[in-house]
Amino acid sequence: MRLLRGLVRAPVTHFVLLGGALFLFASARPAAVRSPAPDTIVLGADDVERLRREWAAQYGVPPDPVQEHRLVETALDEEVLHRQALALGIDREDPLVRKRLVQLARFLDAGPLEDEDELQRAVRALGLDRTDLIVRRYLVQAVRLLAAGPRASRLPSEAAVAAYFDEHRGEFTAPPRQRMTHVYLSAESRGAALERDAARLLDRLRREGITPTAAPSLGDPFVRGADIALNSDAVLDRTFGPGFAAAVAAVPERSWTGPVRSAYGLHLVWVHERVSARVPQPPAVLSRVVLRLLREHRDARTRAVIAGLRKRYAIRTDSEIPGDPSRSPSLLAKQADAAE
Amino acid sequence: MAALTLGAVVATATPGPWQRTESREPCDAFDSLRAPYFGDLHVHTSFSHDAYLWVTRTTPADAYAFAQGAPIMLPDRSGGLTRAAQIDRPLDFVAVTDHAEFLGEVRLCTTPGNPAYDDDLCRRLRELGDEASEDADFIAWGYPLGAPGALGPHAFCSIPGVDCAAAQVSVWQEIQAAAEEVYDRTSACAFTTFVGYENTAAPLGAHLHRNVIFRNAHVSATPASYLQTAADGAAQPLWGALEQDCLGAGTGCDALVIPHNSNLAGGLKWPDPIDAADARRRQLREPLVEIFQHKGGSECRFDRLARLGVGTVDELCAFEQDPRALQGPWPFPPITTYPRRNMVRETLKDGLAFEQQLGANPFRLGFVGSTDTHNGTSGNTAERGWPGHQGYADSDAEGQLDAEQFDAHRIRFNPGGLAVAWAEENSRDAVFAALARRETYATSGTRPVVRFFAGELPGLQCGDANFVERAYQRGTPMGGELGAVRGQRSPRFAVLAMKDPGTASQPGADLQRVQIVKGWVDADGQTHEQVFDVAGNAENGATVDPVTCTPMGSGARELCVVWRDPTFDAAQHAFYYARLLENPTCRWSTLVCKAEGVDPFAADCAAQAAARGPVFADCCLDESNDPFLSPAVQERAWTSPIWYRPDGIAAVRGAVRFGTTPGRDVLRLALRLRKFPTFLDPTRSDLTLRVTDDDEIFAYTIPAGALHAVRDARCSTWGGEDVPGNVAMVSLRICPDRHAVLKIRTVPTDLGRADRSDHTVTVSLASAHYEVTHTRRWHARQKALGPLKR
């Protein structure tokens, strides 16, 4: 596949190369090795229940097993990132964190202390630097940014692009579509006679073999016209009203059928052709594929960094984490041993 | 893959009356009579400094994904990304238009490790602050855009090792990449993106912002930010930057400028043109205005309590008005001193006066709506369940009703509107061409479908099944130039409108009525307006149930009318636009207030508000105590105007006759003008005639003095049969009453660029800043192509 020949000329190339060359990421702070023994992260039943409740409050239904697994994984990732932030000392040095803690201290009315350092220490003594949600979110975000790493300055290989396209065909595939002509009968102008008019006209179209070219002039003007070019079900529903596509879905091709109801009235429909879901030719989607691939590489790098950080911790729970049998307590103990 | 051949499905590219400037598969869904495509041309993401301050963390990729139906995470009041939002119906096209100012700075401030990261201003950007610091942070970041003499990059850009300019270029690359990544270049044409940005001129609070939309992937090397264009927000430097970096760059770049929020511009959005050339330049660079968006409507203004309007008595102009005239915590101006040119309708009227005076209309503005969301939630205009547009600041009821903000009483804001383009297909070229020729309409957030035409339209009736095709053949669509008429009789105006079909869970509201808004200028240069009800029923008694907010009473699913102007005067420059009104529905604020236990419809609303909390006082604003706000509103659509010019082309007769062999085609044309401009003297001015569809079919400039004058009994005729070029004969006859006929016949020549199918063709006549056009759907016969005969 001669994808990449086109790629070098494609606009996408200069996004990547210039983006990488112009904007170099300065070296991150080196990860400090704190102690040889891995820390433990405990995820209690209370924690999982709290996640479930927050989800339900947002969406109105409890999370299904897949969603719950993802919730738990996200919570674990955040904990890992938070600890990494602490390990890097971001919490101690960062002025924003200081400011927030001083704010907390004043809010809590930490007594006669006025000096900001004193206030901070008092709040830290209470452990609020670890539990305050805003501080925590800030620290997690800072480490996540560090984990994303510098931007790519090389294009992916031809083979990688081709493989990605093959694997993700579905996302680039056009949905099934149909092309149709319709004769419109307006509820507004026909009133009570609408159903009768539709039945009569349908009968006439069939009896006299009237073609789709001639037929629309026997109906009423439709603001979108009579010929509806290749369009998906979603577009049909947006044009005629919800349910229209479903009503047309089973209609036989190349004959007059109906009447089909829309938000506006009744329609006599002639489906010219149906086109099944179609995978596009690579050149038309080339730049999209490459850009998507580059973005996924960046996301993968972030995940890899986080996964690497996770390895340093043993995850312990006092109940099964749903959706992931590898997280049962007995297995976790084995993992912890293996990680050491 | 189905064996169903691609060959049957993928047609060769059919011509629209616009150039194809990019390589892509032609769209399967091509309709030469055009289809309505719904979009949002004003979207901000975390790349914009103000959105970032509001804790928006979405990227352009997220904004495009949202527009296609994907959920997005928004911040709550404490700054956590815990709220999910999703659009009810995908959009067809979107432009992410982040502020060009500080694009680089925002990136540097949010990337750990670079020297600017620890600068105080950067910390303040990232700080998940409290309410007290919010205003201060906004001022600290935004003051260069508003304070006189302060315009320039932020101080930390001077730190050694910090390169704000390079970062800006890098972010601009990403913006382009994000648009490219989801632009559907396959024949499915499911989704179109446009690269764009916002130039955010805001001197002393005057909202002089303008968005730039690029046609294709060839864009300026950097966005022209206000830091660069300066000039106290005058638009000319922005046009100059685009003319240099884009339009004149020879790269295939094309762009247009869309101003918005003239309602907050202190009367400065549209200053008088410097001269005729400046008027013409503005007409070319700014074909559209974003007439409705989150920060209010700019069509027109009427104060219900004072019973006075800005140049109007149209009570429907109380709709979605921000009481201020400028951004900032200034007192509300009384209606009597409100700046006229904050309102688009007044500006359109003034444009007619300038056209009469200078020969060019600087304010020839078509209409689009958009959101101006700072959440990345493109097109999220539903009143029900609206999550706000300003990140954590309006993330809950208290935030959405806050009346003590630096910026405004937030209850005055709304979810915004949509831009609708009548285009042959959903591709960049087709939709951009629709924007450029102004064949667009704005909605206040819903999706009714409306067509508007003007012209001879002989015999056109609302029952005609081929209404639309006949209208394109014998008239001009919205946004176009009607030209002149030959006699005194009013041209005909046709409106065909259909209600928003809605979704399964949220049906669209019925239509109440259609109006036509007319503006004109008289011989003394005074402007006037009148609003005509032309279809539907204002007294249909439709309302909302005060308890459930369910619409009560019925309206129309569709409305159609063909109308003549009873006040028509053929000598007067005029514009006409159609305004479509839905039946009333509950405003977003009514739904929010009710959910909080404060019912705007209740007699004891004030007591409920007092019990609930001081921030809920605004819930009780209504017709009895507020000049503008209503708990129930009528969503609406505004078509781009159609302009009548007595000095325009009244009729075009003739045709292209194709020869039996290529290169032997002949064009015969006769143009009738009603009022040939007095400042145009063929002995002293060049006159250029052009015939164009997607290509230039024919163009000819009659050089000044090339025609010989012949005076007959009454009229002056200039004729020439030995004129240069591929023309056999050209004549121009001007009579004392200024009626004129221009006739031209070419020698057998190559006119093969004219497509041999029914399609739209434009004939234009131009000299310096004066240009008049005549656009119709021409009919192709076996050997000829031309406008339909009478």
Side-chain angles (χ1 to χ4, degrees), chain A residues 11-12 14-15 18-19 22-23 25-28 58-59 95-96 99 103 133-134 137-138 142 145-146 172 174 177 186-189 216-221 223-227 229-231 234 238-243 262-265 275-276 278-281 284-285 287-288 291-292 295, chain B residues 1-2 4 9 24-25 28-31 33 35-36 61 78-80 82 84 89-90 110-114 118 123 126-128 130 166-167 169-170 173-174 176-177 180-182 185-186 188 190 217 449 451 462-468 496-499 501-504 508 556-558 560:
Chain A
V12 67
H14 70 279
F15 301 149
L18 282 176
L22 279 173
F23 186 49
F25 184 86
S27 58
Q58 174 76 38
Y59 294 101
L96 267 183
K99 192 159 172 199
Q103 216 175 53
L133 215 52
I134 288 182
R137 281 187 179 136
Y138 173 72
L145 284 171
L146 282 170
F172 299 97
R177 292 170 291 161
S186 157
E188 203 66 42
S189 49
S217 58
L218 301 172
D220 300 322
V223 74
R224 274 291 315 270
D227 292 312
L230 273 183
N231 271 312
R238 293 208 294 274
T239 305
F240 293 98
S262 74
Y264 309 108
V275 174
S276 49
R278 206 184 72 219
V279 181
Q281 300 290 1
V285 293
S287 53
R288 283 165 69 192
L291 289 168
R292 188 96 72 85
R295 193 155 55 80
Chain B
M1 192 173 86
L4 216 230
V9 166
R24 55 159 299 139
E25 286 182 357
D28 291 330
F30 180 98
D31 185 349
L33 296 179
S78 76
T82 59
R89 283 176 284 187
T110 56
T111 308
N114 80 80
D118 290 322
R123 287 186 219 139
R126 301 190 307 269
E127 173 181 273
L128 302 165
D130 57 18
V169 173
S170 179
Q173 301 285 346
E174 285 182 37
Q176 295 170 59
E180 182 62 34
E181 191 180 325
V182 291
R185 289 179 187 269
T186 73
V449 181
R451 297 251 198 200
C462 276
D464 288 345
N466 51 357
F467 186 94
V468 171
L496 175 58
M498 290 187 156
K499 65 179 271 190
T503 62
R557 295 184 225 208
E558 65 181 83
C560 180

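Numbered from 1 within each chain, the chains take letters A, B, ... in sequence-line order.
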Asks: Over all heavy atoms of both residues, which pair between S262(A) and R557(B) is shortest? Give the atoms and the distance, please.
Replies: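 Between these two residues, the closest heavy atoms are O-NH1, 4.4 Å.
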
Asks: Can you check side-chain contact (heavy atoms from CB on, under 4.5 Å) on V223(A) and E558(B), steps first, answer last?
Replies: CA-CA 9 Å; V223(A) 74; E558(B) 65 181 83; over 6 Å; no

Asks: For chain A, find which of G463(B), A497(B), C560(B) contributes the most heavy-atom pairs closer than 4.5 angstrom.
Replies: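 Among G463(B), A497(B), C560(B), the one with the most close pairs to chain A is G463(B).
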
Asks: Counting heavy-atom pairs under 4.5 Å with chain A, which one of V182(B), D464(B), L33(B) comes out on top?
Replies: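 Option with the greatest count: D464(B).
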
Asks: Would you mind checking which part of L496(B) comes under 4.5 Å of any heavy atom in chain A, side chain (CB onward), backbone (N, CA, C, O), both or neither?
Replies: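 Contact with chain A is through both the backbone and side chain of L496(B).
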
Asks: If I take atom CE from residue M498(B) and atom OG1 from residue T239(A), how far apart are they, to the nearest 0.5 angstrom?
Replies: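 Output value for this atom pair is 11.5 Å.
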
Asks: Among A226(A), S189(A), G219(A), which residue forms the greatest number of heavy-atom pairs with chain B at distances under 4.5 Å?
Replies: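 Sorted descending by pairs with chain B, the first entry is G219(A).
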
Asks: At a 4.5 Å cut-off on heavy atoms, which part of S186(A) comes close to chain B: side chain, backbone, both, or neither?
Replies: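 S186(A) touches chain B through backbone and side-chain heavy atoms alike.
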
Asks: How far apart are the closest heavy atoms of C462(B) and P221(A), and which atoms are they?
Replies: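 Smallest interatomic distance, heavy atoms only, reads O-CG, 3.1 Å.
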
Asks: Search all heavy atoms of P280(A) against all heavy atoms of T186(B) and return the closest pair with its distance.
Replies: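 Looks like CB-CG2, 3.3 Å.
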
Asks: Tell me, out of A61(B), P36(B), A190(B), who's got the most heavy-atom pairs with chain A below 4.5 Å.
Replies: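 Answer, by heavy-atom pair count under 4.5 Å with chain A: P36(B).
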
Asks: What are the two closest heavy atoms between P242(A) and P501(B), and how far apart are they?
Replies: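 For P242(A) and P501(B), the tightest heavy-atom pair comes out as CD-O, 3.8 Å.
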
Asks: Is F172(A) close to chain B through its backbone or its side chain, or both, or neither, when contacts mean heavy atoms under 4.5 Å?
Replies: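 Answer is neither: F172(A) stays 4.5 Å or more from chain B.
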
Asks: Can you find a pair of side-chain heavy atoms, one from R238(A) and one from P90(B), that are under 4.5 Å apart?
Replies: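 Yes. Closest side-chain heavy atoms under 4.5 Å.
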
Asks: Set out, in order, the CA-CA distance, both residues' side-chain angles and the distance that settles side-chain contact (heavy atoms from CB on, under 4.5 Å) for D31(B) and D227(A), then state yes or no.
Replies: CA-CA 8 Å; D31(B) 185 349; D227(A) 292 312; over 6 Å; no

Asks: Is T503(B) in contact with chain A via its backbone, its side chain, both, or neither, using a 4.5 Å heavy-atom distance?
Replies: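 Contact with chain A: backbone only.
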
Asks: Can you name the side chain to side chain donor-acceptor pair (under 3.5 Å) partners of R224(A), sequence neighbours left out?
Replies: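 Testing R224(A) for side chain to side chain donor-acceptor pair (under 3.5 Å), a comparison that skips the adjacent residues, returns none.
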
